[in-house]
Amino acid sequence: MTTAIETTIATKTEHQIPGPLLQKKVQVTVVGCGGTGSAIAAGLPYLHQAMVALGHPHGLDVTLVDGDRISRTNCVRQPFSESEIGLHKATVLATRINLFWGLGWKGVPHFVDESWGQDSDILIGCVDSRAARNAMTRTQTYRNCHYWLDLGNNADSGQFVLGQPENQRNKARDMRLPTAPELFPELINAKLDKKDRLPPCSALEALERQEPFVNQTLAYQALAMLARLFRYGRLSYHGGFVNLRPGRTTSLPVDPVLWQRMRTQSSDSEYRKNKRKKGG
């Protein structure tokens with residue numbers, strides 16, 4: 001998780017959705033089916049139904065990807081039961097969604113690495129390490145998608161950022177939405193994973209390390225943003241910061257001036273860190 005930056009700059013700039021996404025079946029890939037990923041997966045059928053009801057010709061086609069299996073600890077904060085322990089999260093979630101909603105979405109029980117090439121319009125990352133997020137940026141899926149929606153959180157706060165990877169589809173756009181690592185480079189610095197605490201080994205420890213509902217709050221803020229994008233075809237913000245401690249959500253506006261300021265702050269911070277390491 002990264003730290004919120006003051007985003008009160010007034011802006012009338014809006015991002016416009018690529019036209020083809022309003023005409024075709026939108027391919028969505030969700031990577032990571034843990035606390036946040038499972039909440040995203042549970043909300044996507046509502047987004048699909050809303051899109052179709054509002055006139056979208058096809059709605060969503062979703063693939064859930066995660067090589068992790070359900071553990072006893074997962075049954076505390078994640079929507080899994082003890083009878084499902086040992087099964088793959090992605091398969092369980094996809095099966096459950098399809099049975100309830102009558103859909104044909106897919107669950108793929110694999111971890112994403114550089115060889116992953118799932119065709120996708122929107123890549124949604126709900127991974128719990130910088131190394132995993134870094135690996136996503138080297139996949140063919142990332143190099144071909146329209147959008148990358150990245151979500152990350154810690155104990156009681158988190159951020160979601162909708163960006164357009166600088167790939168063949170997006171690099172020629174006049175005002176491309178920057179991705180999360182472009183604004184916060186530390187999000188893909190795998191070396192920083194060593195400073196993070198290890199995954200909890202008990203149900204009590206899982207609750208002590210993370211507030212209940214932080215994943216769901218973050219996921220539904222992100223889904224509400226996607227709903228506005230498809231309903232109105234435009235956005236004045238492309239992410240936000242959620243903090244449950246004061247009960248505050250701060251938006252990330254579509255604002256090139258702000259983006260440049262955030263990049264500069266990140267660069268300055270990295271420079272100071274390197275200088276301290278060298279004893280300067």
Establish, from distance only, whether the side-chain atoms of [X] and [Y] form a donor-acceptor pair under 3.5 Å.
{"X": "N98", "Y": "T95", "answer": "no"}
{"X": "N243", "Y": "S157", "answer": "no"}
{"X": "R138", "Y": "N134", "answer": "yes"}

Short question: side chain of [X], backbone of [Y] - any donor-acceptor pair under 3.5 Å?
{"X": "D156", "Y": "L244", "answer": "no"}
{"X": "R77", "Y": "P212", "answer": "no"}
{"X": "R143", "Y": "N167", "answer": "no"}

Side-chain heavy atoms of [X] within contact of [Y], under 4.5 Å:
{"X": "P253", "Y": "L258", "answer": "yes"}
{"X": "Q159", "Y": "D150", "answer": "yes"}
{"X": "L252", "Y": "M262", "answer": "yes"}
{"X": "D61", "Y": "K106", "answer": "yes"}
{"X": "R130", "Y": "L187", "answer": "no"}
{"X": "C75", "Y": "I85", "answer": "yes"}
{"X": "L149", "Y": "V161", "answer": "no"}
{"X": "V127", "Y": "M136", "answer": "yes"}

Would you compute the distance between atom [atom1] of [X] and atom [atom2] of [Y] and round it to the nearest 0.5 angstrom?
{"X": "Q221", "Y": "Q216", "atom1": "CD", "atom2": "CD", "value": "13.0 Å"}
{"X": "R133", "Y": "E186", "atom1": "CZ", "atom2": "CD", "value": "9.5 Å"}
{"X": "E211", "Y": "N154", "atom1": "CD", "atom2": "CG", "value": "10.5 Å"}
{"X": "S38", "Y": "N215", "atom1": "OG", "atom2": "CG", "value": "7.0 Å"}

Practice problem: Apply side-chain contact (heavy atoms from CB on, under 4.5 Å) to D255 and T13, showing your working. | Solution: CA-CA 6 Å; D255 187 339; T13 307; 5.8 Å; no

Is [Y] reachable from [X] through a run of I, L, V, M, F, W or Y residues, each pair having side-chain heavy atoms under 4.5 Å apart?
{"X": "V26", "Y": "L22", "answer": "yes"}
{"X": "W101", "Y": "L54", "answer": "no"}
{"X": "F184", "Y": "L123", "answer": "no"}
{"X": "V242", "Y": "L151", "answer": "yes"}
{"X": "L162", "Y": "Y237", "answer": "yes"}

For [X], check side-chain contact (heavy atoms from CB on, under 4.5 Å) against everything at least two apart and list the hits.
{"X": "E84", "answer": "I70, F80, S81, L87, V92, R96"}
{"X": "S120", "answer": "T29, T141"}
{"X": "P109", "answer": "H88, T91"}
{"X": "V62", "answer": "V28, V30, L44, L60, L64, W105"}

Next on the checklist: Does anything in residues 25-44 form a ring-ring contact (aromatic ring centres under 6.0 Å, His included)? List the pairs, not counting sequence neighbours.
Outcome noted: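 Pairs touching residues 25-44 that pass the test: none.
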
**Study point:** Pair listing, ring-ring contact (aromatic ring centres under 6.0 Å, His included) test, anchored in residues 134-166, at least two apart
**Key:**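 Qualifying pairs: H15-Y147, Y142-W148.
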
Practice item. Using the salt bridge (charged side-chain N to carboxylate O under 4.0 Å, His left out) rule, collect all pairs that involve residues 23-42, keeping only residues at least two apart or in two chains. Key: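 Output for this query lists K24-D121.
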
*Residues clustered with I188, ILVMFWY side-chain links under 4.5 angstrom*: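 Answer for I188: none, a lone residue.
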
Quiz item: So which residues get pulled into F213's cluster when ILVMFWY side chains under 4.5 Å apart are joined, directly or through others?
Solution: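 Under the 4.5 Å side-chain rule, F213 groups with nothing.
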
(request) Start with the C-alpha gap between L103 and I97, add the side-chain angles, then the distance that decides, and say whether side-chain contact (heavy atoms from CB on, under 4.5 Å) holds. (result) CA-CA 7 Å; L103 298 168; I97 288 170; 4.1 Å; yes

Smallest separation among heavy atoms of [X] and [Y], with atom names:
{"X": "P79", "Y": "L93", "answer": "CG-CD2, 4.3 Å"}
{"X": "P178", "Y": "R263", "answer": "CB-NH2, 3.4 Å"}
{"X": "R69", "Y": "G86", "answer": "NH1-O, 2.8 Å"}

Please set out all donor-acceptor pairs under 3.5 angstrom arising from side-chain atoms of residues 223-235, sequence neighbours excluded.
unit_1 : atom_1 : unit_2 : atom_2 : d
R234   : NE     : E14    : OE1    : 3.4
R234   : NH1    : Y232   : O      : 3.1

Who passes ring pair (Phe, Tyr, Trp, His ring centres under 6.0 Å) against W259, sequence neighbours left out?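 Testing W259 for ring pair (Phe, Tyr, Trp, His ring centres under 6.0 Å), a comparison that skips the adjacent residues, returns H238.
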
>> Between D68 and K89 (salt bridge meaning N to carboxylate O under 4.0 Å), is one present in this structure?
In response: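 A salt bridge is present here (some side-chain N lies under 4.0 Å from a carboxylate O).
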
Check: Does a salt bridge link E182 with R176, judged by any charged N lying under 4.0 Å from a carboxylate O?
Finding: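 Yes, charged N to carboxylate O under 4.0 Å.
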
Practice task
Among residues two or more places apart or on two chains, list those pairs meeting side chain to side chain donor-acceptor pair (under 3.5 Å) that have a residue in residues 41-57.
Solution key: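 Every candidate side chain to side chain donor-acceptor pair (under 3.5 Å) pair involving residues 41-57 fails, so no pair, neighbours aside, qualifies.
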
